[in-house]
Protein chains: 2
Amino acid sequence: MRVKEGNKEKDILEAAIKLFAEVGYHKAKISKIAEMAGVAAGSIYLYFEDKEDILLKIFDEIWHRIYLELLKIKNNSNLSPFDKFDAMIDLIFDIYIENPNLAMVFVNEQNHIQRSTPEKFTVFYEKFLLSGEDIIKEGIEKHAFTNNLDINILRQFIFGAIRSLLQHWAIDPKTYPLNKIRQNIKFIIKYGIEK
Amino acid sequence: MRVKEGNKEKDILEAAIKLFAEVGYHKAKISKIAEMAGVAAGSIYLYFEDKEDILLKIFDEIWHRIYLELLKIKNNSNLSPFDKFDAMIDLIFDIYIENPNLAMVFVNEQNHIQRSTPEKFTVFYEKFLLSGEDIIKEGIEKHAFTNNLDINILRQFIFGAIRSLLQHWAIDPKTYPLNKIRQNIKFIIKYGIEK
DNA sequence: TTTATTTTTGAATAGTGGTTCATTATTAAG
DNA sequence: CTTAATAATGAACCACTATTCAAAAATAAA
């Protein structure tokens with residue numbers, strides 16, 4: 001009997017993340033991913049259902065990680081609502097800094113995957129969103145955050161804005177350092193633009 | 001000599017907007033657009049360079065319109081900075097309400113087009129962004145808006161958040177009415193979440 | 001009508017690239 | 001060493017669809 005050597009699944013995933021980040025999902029060829037991963041094109045189909053499945057597993061990985069980290073923040077009773085809020089934003093930025101390619105795929109292809117396979121996609125994403133909601137809820141209950149806002153809308157607003165800025169940064173990284181962007185985001189969300 | 005009858009270019013554009021909105025750019029077939037527009041597939045290539053060019057012209061149209069409207073707002077000296085700000089947000093929502101399909105393409109395919117042909121894309125988009133910036137600048141100069149924020153980041157933040165919410169709304173329109181979303185957006189950006 | 005010119009057609013083309021599968025390589029067990 | 005079972009290969013397949021182009025249709029001018 002033969003046993004799988006090395007970690008081809010991981011190699012393929014990493015190659016895919018890199019290529020998706022560079023050229024986007026649609027222009028990334030399976031043959032190229034295989035080449036980058038050092039396997040034959042056909043071998044990809046031993047580890048993944050099809051091309052879409054690769055993207056799906058990438059998203060699974062990242063959302064799972066984000067979710068677990070957010071859970072820690074949420075359950076840390078030493079943090080004030082605003083501390084938690086800051087930590088949540090830092091979390092997303094940290095992941096971005098740690099693995100820009102992964103983050104790039106994450107911001108660019110979210111639409112695509114949400115459209116094409118909403119049912120498979122939602123597992124960890126939903127969990128993440130709910131945890132984010134909990135943090136906001138706590139802030140409102142403790143009278144730190146305004147109660148004039150709908151939680152759902154607020155959640156979508158915050159993550160949408162962050163995603164948009166990260167995307168923009170990825171296209172043109174030299175205009176602003178990520179830390180300045182992060183700091184501005186925190187300020188706007190907390191205090192708004194009114195002087 | 002023969003003369004072009006009807007307005008095939010417009011028919012094709014409208015069909016494309018509808019189909020792109022429904023199934024997305026990549027899954028929209030030229031043959032289907034042709035069928036919906038009531039022309040032969042080959043005829044599309046009399047009016048457009050290629051498939052991408054159709055999308056490009058759609059974006060041209062919408063950005064041009066938004067830009068012209070925003071210019072009116074910007075130059076209306078009867079409006080306070082906050083009035084202008086509100087009008088700017090209303091403008092985007094009004095276009096969305098007036099032609100949801102067009103708006104759908106606008107929020108969904110912006111990434112794609114910005115990636116694939118950034119140079120052709122930027123004409124009206126840049127103009128629009130600059131006008132938006134001017135409105136914010138005026139607010140800061142008149143001491144209505146905080147001067148703690150970078151204009152560029154703020155601009156990206158605002159439009160990113162709006163886009164994200166509209167996209168969300170398009171997927172699931174029944175959860176919230178657009179007016180509630182609009183009102184929440186205005187509130188967050190003005191006052192932030194701090195109580 | 002006839003001719004010239006331009007528009008429109010849609011079947012044929014052509015290139016792409018995801019996916020399959022017969023074959024080969026590799027390893028473990030007997 | 002032989003056999004069995006699984007892993008890996010990559011050329012061939014095939015479905016799909018954007019694009020082309022030779023022919024036909026429509027219109028204006030002569």
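All heavy atoms count here, side chains included; hydrogens, waters and symmetry mates do not. Fair warning: this is a prediction, and the values are worked out from it, not measured in the lab. Quick note on labels: first sequence line is chain A, next is B, and so on, each numbered from 1.
- Residue I30(A) contributes atom CD1, which lies 18 Å from atom P of dA15(D) at whole-angstrom precision.
- Side-chain atoms of K51(B) come within 3.5 Å of backbone atoms of Y25(B) as a donor-acceptor pair (strictly under, hydrogens ignored).
- Crowding of K186(B) atom NZ: a count of heavy atoms from other residues, nucleotides or ligands under 6.0 Å exceeding 12.
- Classification of R182(B) and D86(B) as a salt-bridged pair fails, no side-chain N sitting under 4.0 Å from a carboxylate O.
- Nearest to the side-chain atoms of K51(A) among the listed nucleotides dT19(C), dA8(D), dG10(D) stands dT19(C).
- One atom, CD of E35(B), and another, P of dT9(C), lie 13 Å apart when rounded to the nearest Å.
- Taking the charged nitrogens against the carboxylate oxygens, K84(A) and D134(A) have no contact shorter than 4.0 Å, which rules out a salt bridge.
- Distances were taken from every side-chain heavy atom of D50(B) (C-beta onward) to each of dG17(C), dG10(C), dT19(D); the shortest belongs to dT19(D).
- When the C1' atom of dG18(C) is taken as reference, atom NZ of K27(B) falls 14 Å away, rounded to whole Å.
- Distances from the side chain of L46(A) to the nucleotides dT9(D), dA18(D), dT9(C) place dT9(D) closest.
- Within the 4.0 Å cut-off from OP1 or OP2 of dT9(C), at least one side-chain nitrogen or oxygen of S43(B) is found.
- Ion pairing of E138(A) with K142(A) is present here, as a side-chain N (NZ or NE/NH1/NH2) and a carboxylate O approach within less than 4.0 Å.
- At whole-Å resolution of the value, CD1 in I44(B) and P in dT17(D) are 14 Å apart.
- Residues G38(B) and E52(A) each lie close to DNA chain C; by heavy-atom proximity, the contact nearer the 5' end of the strand is made by G38(B).
- Whole-Å rounding puts the K32(A) NZ to dG10(D) P distance at 16 Å.
- The nearest heavy atom of DNA chain C to G42(B) and to K29(A) marks one nucleotide each, and the one closer to the 5' end goes with G42(B).
- We find that CD of E49(B) is positioned 16 Å from P of dA18(D), with the value rounded to whole Å.
- Atom-to-atom, NE2 of H26(B) to C1' of dG18(C) comes out at 15 Å; the value is rounded to the nearest Å.
- Y47(B) has its OH atom 18 Å from the P atom of dT19(D), to the nearest Å.
- Side-chain N/O atoms of K8(A) include one lying less than 4.0 angstrom from OP1 or OP2 on dA8(D).
- Between dT19(C), dT7(C), dA18(D), one nucleotide has an atom nearer to the side chain of Y45(B) than all others, and that is dA18(D).
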